[in-house]
2 protein chains.
Amino acid sequence: MSLDGQGRTLSGAGLDKAQYRAIAAFRYELRRFLSFSEAEAASAGLPAQQHQALLAIAGHPGPEAPTVGALAEQLLIAPHTAAELVSRMVESGLLAKTASTRDRRRMELTLTERSDAILGRLTAAHLEELKILEPALAKALGRLSLGRR
Amino acid sequence: MSLDGQGRTLSGAGLDKAQYRAIAAFRYELRRFLSFSEAEAASAGLPAQQHQALLAIAGHPGPEAPTVGALAEQLLIAPHTAAELVSRMVESGLLAKTASTRDRRRMELTLTERSDAILGRLTAAHLEELKILEPALAKALGRLSLGRR
DNA sequence: GGGATATACATCGTCGTACGATATATTCCA
DNA sequence: TGGAATATATCGTACGACGATGTATATCCC
């Protein structure tokens with residue numbers, strides 16, 4: 001590392017240490033939120049990804065039930081990974097999977113009573129926590145000084 | 001699900017479908033960013049966690065080099081998990097690990113020339129991408145209607 | 001000063017889950 | 001109708017996080 005004309009600490013690629021700090025802080029805030037979320041899900045007996053699946057299904061836009069493929073798209077995972085996820089969740093009574101009548105390849109996904117209740121509780125907890133974390137998150141996001149480079 | 005007096009769609013715990021949509025959209029934006037980050041790191045030959053380790057070390061506040069424990073704290077992982085991560089990174093020439101002279105239990109971590117250059121490139125790419133993703137992220141965060149419940 | 005206790009890191013076995021490759025079922029269309 | 005395309009499922013593999021435990025160094029306090 002070395003110093004440039006303005007006294008900023010530079011590393012190899014010419015980046016400011018203050019900027020690394022800002023980005024690292026942003027990623028730290030993200031981790032804190034994700035970590036909170038994961039811990040909440042775990043305390044409700046769910047792996048994080050299953051919680052996200054419930055949320056994606058409950059929050060799916062439009063009136064129709066989402067399919068395995070739509071879930072994969074929302075979770076940014078491969079379709080066959082979504083199929084495995086769904087299969088585990090059906091097995092543990094968190095999802096109902098019914099073949100679409102119009103296209104029997106498609107599997108329509110809906111929450112069960114139990115998972116609907118679980119998701120409700122988890123979401124309430126998340127909204128509470130986000131009230132607290134949101135300012136730090138927004139602040140860290142704002143501090144990235146995007147655009148003035 | 002049922003309809004309440006104002007015509008909002010309710011699920012088990014009394015939560016609005018629009019609210020599920022907002023939170024799901026927020027998590028989707030988060031995943032998009034994390035997925036971009038992971039893909040960038042992978043194209044530089046790094047697992048996501050190793051990229052985060054580099055960033056945490058480069059962005060560590062204060063003049064001293066961070067230790068394994070400090071890294072664990074920043075990454076929200078167990079100390080022994082950080083030790084394994086560091087060990088893999090030292091092995092592949094991404095980190096230098098030297099015992100502190102004042103407390104020889106502590107291992108001080110610094111980037112190598114190579115990893116410093118890699119992190120510089122990755123960070124530049126992230127800042128570019130964040131210019132694009134930040135508005136969507138901030139918007140999704142703002143749409144959570146925190147506080148008016 | 002020296003034994004007990006605490007701290008920092010390391011090692012080993014295990015497990016969950018995402019993936020690639022591939023298979024099966026259904027639909028679409030020429 | 002038959003072949004290509006689409007949607008989901010299955011199987012083997014691998015990576016990394018964890019719990020339990022071990023080792024080295026430091027600190028406390030009588």
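Every chain is numbered from 1, with letters handed out A, B, ... down the list of sequences.
The side chain of A/K97 contributes an N or O atom lying less than 4.0 Å from OP1 or OP2 of D/dA9.
Counting non-hydrogen atoms under 4.0 angstrom, B/P79 reaches nothing in the nucleic acid.
Taking A/A96 as the reference, A/T110 meet the side chain to side chain contact (heavy atoms under 4.5 Å, CB included) condition, with sequence neighbours excluded. Partners of A/S115 by side-chain hydrogen bond (donor to acceptor under 3.5 Å, both in side chains), not counting sequence neighbours, listed by chain and number: A/T112. Every ring pair (Phe, Tyr, Trp, His ring centres under 6.0 Å) that A/F36 has, sequence neighbours left out, goes to A/H126.
With a 4.5 Å cut-off on side-chain heavy atoms, A/L130 and B/I23 do not count as touching.
C/dC9 atom P lies 13 Å from atom CG of B/L95, rounded to whole Å. For the pair A/L109 CG and D/dA9 C1', the computed distance is 14 Å after rounding to whole Å.
The pair A/E128-A/K131 meets the salt-bridge criterion, since a charged nitrogen lies less than 4.0 angstrom from a carboxylate oxygen.
For the segment residues 61-68 of chain A, residues with any heavy atom less than 4.0 angstrom from an atom of DNA chain D are, sorted by number, A/T67, A/V68. Sorted by residue number, the list of members of residues 24-42 of chain B with any non-hydrogen atom under 4.0 Å from DNA chain D is empty.
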*asked:* Return a single string for nucleotides 16-23 of chain C, one symbol per nucleotide in 5' to 3' order, where B is base contact, S is sugar-phosphate-only contact and - is none, cutoff 4.0 angstrom on heavy atoms.
replied: -SSBBB--
*Sugar-phosphate atoms are those with a prime plus P, OP1 and OP2; base atoms are the rest. Using that split, label each nucleotide of nucleotides 25-30 of chain C B, S or - for protein heavy atoms under 4.0 Å, 5' to 3'.*
BBS---
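Among pairs with a residue in residues 93-104 of chain A, those fulfilling salt bridge (Lys or Arg N to Asp or Glu O under 4.0 Å) read A/D103-A/R105, A/D103-A/R106, at least two apart in sequence or across chains. Among pairs with a residue in residues 38-67 of chain A, none fulfils salt bridge (Lys or Arg N to Asp or Glu O under 4.0 Å), at least two apart in sequence or across chains. Applying the salt bridge (Lys or Arg N to Asp or Glu O under 4.0 Å) test to every pair with at least one member in residues 21-34 of chain B, sequence neighbours left out, gives these pairs: B/E29-B/R32. Applying the ring-ring contact (aromatic ring centres under 6.0 Å, His included) test to residues at least two apart or on different chains, none of the pairs has a partner in residues 86-108 of chain B.
Residues A/I57 and A/L109 come closest through the heavy atom pair CG2-O, 3.7 Å. Residues A/Q50 and A/S92 share a closest heavy-atom pair of OE1-OG, 4.5 Å.
Residue B/Y28 is found in a hydrophobic cluster whose other members, listed by chain and number, are A/L76; membership requires side-chain heavy atoms under 4.5 Å apart, directly or through intermediates.
A side-chain donor-acceptor contact under 3.5 Å links A/K17 to the backbone of B/H60.
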